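Okay, structure first, notes after.
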Amino acid sequence: GVMDEQANSASLKEQLKMRDQSLRKLQQEMDSLTFRNQQLAKRVELLQDELALSEAKGKKNKVESSSQLSQEQKSVFDEDLQKKIEENERLHIQFFEADEQHKRLESELKNRLEVLETDAAQHQAVVDSLTRKYIDTIEKLQNDKTKLEIKSQTLEREAKECRFRAEECQQQLKNLHADLGRRLDDSLCIINEKVPFNDTRSSQYNALNVPLHNRRCQLKLRDIAGQALAFVQDLVTALLNFHTYMEQRVQIFPIDSATDTISPLNQKFSQYLHENASYVRPLEEGMLHLFESITEDTVTVLETTVKLKVFSEHLTSYTCFLRKILPYQLKSLEEECESSLCTAALRARNLELHNDMKKITAVFEKLHVYVSLIVLPSIKPEGLLRTNYSSVFIHIAAGLHGFHNVMKEISKHYSQKAALEHELPTATQKLITTNDCILSSVVALTNGAGKIASFFSNNLDHFTASLSCGPKGGTEFISPLSAECMLQYKKKAVAYMKSLKKPYSDSVPYEEALANRRVLLSSTESREGLAQQVQQSLEKIAKLEQEKEHWMLEAQLAKIKLEKENQKLKSSLSGQLIEPMPENSVLLNAAEGEREEAIKKTSREPVKRMSLVSDFFLRSFYFSVCWRKDLLHLETWILTHESLCPNKFVGL
């Protein structure tokens, strides 16, 4: 592209040169025409002058002949002039057109040249960028090539090492095969000679073996059962409230029983709803018994959870209760739709609730079926294959999620229905309050269903993994009788293990004995060091006491000399001038005070030094003794050296 543009630019430059040459030719023709016009103009002027002279001379004599001659000449000159003017005009027009065409062509060529130069610059920039990019790519590829070569060399070394290791592993594998084969032969010989009966070959006998006790698993199952109990309690409370408030609603809408007689259908429906507690509360009791049956000492599997049957029976009775009240509930909704107060929107909401009530009953029937299936291992183990165990729990989880979805639909539709009923002109405060209570119970049911569905789904793997017992390769559960025997054997094994435990006599723990020994050794070493420190300190104190006595004597001598000097000064100055006396006495008193202060300071320095040394020694000794807990040695040392510095020992 750049080469094409350069060729176009060269051709355009050639065209521009040719245009310039044609323009110069036209300019030369224009110059020649201009010069010719100037000559013709001068000639016309000369002819006009001659004509004027000829007219002036022959005006009187040859008027007629001159006039005729002048008219002919004038006509000739006029024709000639007219031709010259037309030719000049034509040349001017041609020159103007050529000039305009040249300017236009020049501007076009300049614009095109600028565009081509811009394109050439852009193309050059693209070429430069591509060149740099290709250079960078080449460098990168070279670096990658170098890295790949290094990597290939490393991989070759690793491959060699891996081959070497593989050979070693093969050798080890051969050795292990030989060793394991030898051990297997020995074990088979021992089993054939020493073991008369192998109970693991039969699933019935193997089921009687006590499994390993997994305390963590039991605690986890008990915790899960406790959470399930809490969720079921919340669900039972919400169901009780829902059925109770629904009974109150039947009594007041569409006909208030306080002012008129409700229909026989609603009377029967209200009577059945009044019995809800006898069906709902046993669910909580059944779950409570199941929770209490799961302890830390027992083995919790489906064969041993016999209390699950009680919960299943209560769930069956509640499902029958829902199935019994369903027709009355549907007929009650239809009766509300037939009422004159029911609008089209309210009728649509009632139809939606009509379908929701069918769904909720179907969900509980589905849950009842699958809960009855997981009860079978503790009643009739041949009724449920072990391969279907996980699928049953998956279907239970799906049923709980379906229950949650249906409750969300009921909450949505009933909230819309309550809003429409509140707008009715005949809506009473009792109806509004009852609807609000039903809505709150429905919301509680929705939340409880969501929690229990999420809880079951989260612990689904744990249920599947930990609630089975028996041989791993078996296709059926063990019988409940075998599970009961296994639990009895487990209790006997626990009692036997407890009888083997003998209480040990009380003794000092090993760690504590080691710590006491270290303290004893360190205290013995510290006593020797402290004894040396005490001896050195006593020597320093004796030296300081000697220095103190020396300086006390020096101070007394200086004081005696000072008194003598004062007496001499007083006796010598008693007979002299009286006025300077106060000043001299003041000076003497000041000098005497300075000397006394110096003596006191010198006398206090040994005491201060002794107090600092004793203080430092006492503090270091106290901390070292307290660190080693040797209080008896501290008390003995204090009583021995109390006379040195009693004030310090009081604080200590």
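All of these numbers come straight from a predicted model, not from anything done at the bench.
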* Expected output: side-chain Ser312 to main-chain Leu308 donor-acceptor under 3.5 Å -> no

* **Straight-line distance of Arg216 CZ to Leu221 CG, nearest 0.5 Å** => 13.5 Å

* Asked: Closest heavy-atom contact between Ser441 and Asn241?
  -> CB-CB, 3.9 Å

* More than 12 heavy atoms from other groups under 6.0 Å of CZ on Arg323 -> yes

* **From Asn405 atom CG to Lys359 atom NZ, the distance as rounded to the nearest 0.5 Å** => 9.5 Å

* Asked: Between Phe455 and Ile224, does a side chain to side chain contact (heavy atoms under 4.5 Å, CB included) hold up when you go through it step by step?
  -> CA-CA 9 Å; Phe455 159 76; Ile224 291 173; 3.3 Å; yes

* Asked: Do Leu180 and Leu184 touch side chain to side chain, with heavy atoms closer than 4.5 Å?
  -> no

* Side-chain donor-acceptor contact under 3.5 Å, Gln227 with Asp223 -> yes

* Contact check, side chains of Leu113 and Ser9, non-hydrogen atoms, under 4.5 Å -> yes

* Which is it for Val442 and Thr446 under the side chain to side chain contact (heavy atoms under 4.5 Å, CB included) test, yes or no, and what are the steps along the way? -> CA-CA 6 Å; Val442 169; Thr446 306; 4.2 Å; yes

* Which pair of heavy atoms, one from His314 and one from Pro282, lies closest together, and at what distance? -> CD2-O, 3.0 Å

* Glu365 CD to Ile360 CD1 distance, which is reported to the nearest 0.5 Å -> 11.0 Å

* Asked: After noting the C-alpha distance and the side-chain angles of Leu130 and Tyr134, does the key distance pass the side chain to side chain contact (heavy atoms under 4.5 Å, CB included) rule?
  -> CA-CA 6 Å; Leu130 290 173; Tyr134 292 151; 4.0 Å; yes

* Asked: Is any NZ, NE, NH1 or NH2 atom of the basic residue among Glu106 and Arg19 found under 4.0 Å from an Asp or Glu carboxylate oxygen of the other?
  -> no

* Are the side chains of Tyr279 and Leu322 in touch, meaning some heavy atoms are under 4.5 Å apart? -> no

* Decide yes or no for Glu168 and Phe164: does some side-chain heavy atom of the first lie under 4.5 Å from some side-chain heavy atom of the second? => yes

* When you look at NZ of Lys366, are more than 12 heavy atoms from neighbouring residues, nucleotides or ligands closer to it than 6.0 Å? -> yes

* Measuring from Asp356:CG to Glu409:CD, what's the distance to the nearest 0.5 Å? -> 6.5 Å

* Asked: To the nearest 0.5 Å, how far apart are NE2 in His395 and CG in Leu400?
  -> 13.0 Å

* Asked: Between the main-chain N or O of Lys408 and the side-chain N or O of Ser411, is there a donor-acceptor pair closer than 3.5 Å?
  -> no

* Asked: Hey, is the main chain of Asn8 close enough, under 3.5 Å, to the side chain of Ser11 for a donor-acceptor pair?
  -> yes

* Short side-chain donor-acceptor distance under 3.5 Å, His401 and Ser457 -> yes

* Could Asp179 and Arg182 be called an ion pair, given the rule that one side-chain N must be under 4.0 Å from one carboxylate O? -> yes

* Could you walk me through whether Met287 and Leu290 pass the side chain to side chain contact (heavy atoms under 4.5 Å, CB included) check? -> CA-CA 5 Å; Met287 184 55 68; Leu290 178 61; 4.0 Å; yes

* Hey, would you say the Phe364 and Phe403 ring centroids sit under 6.0 Å apart? -> yes

* To do: Report the distance from atom CD of Gln6 to atom NE2 of His123, rounding to the nearest 0.5 Å.
  => 10.5 Å

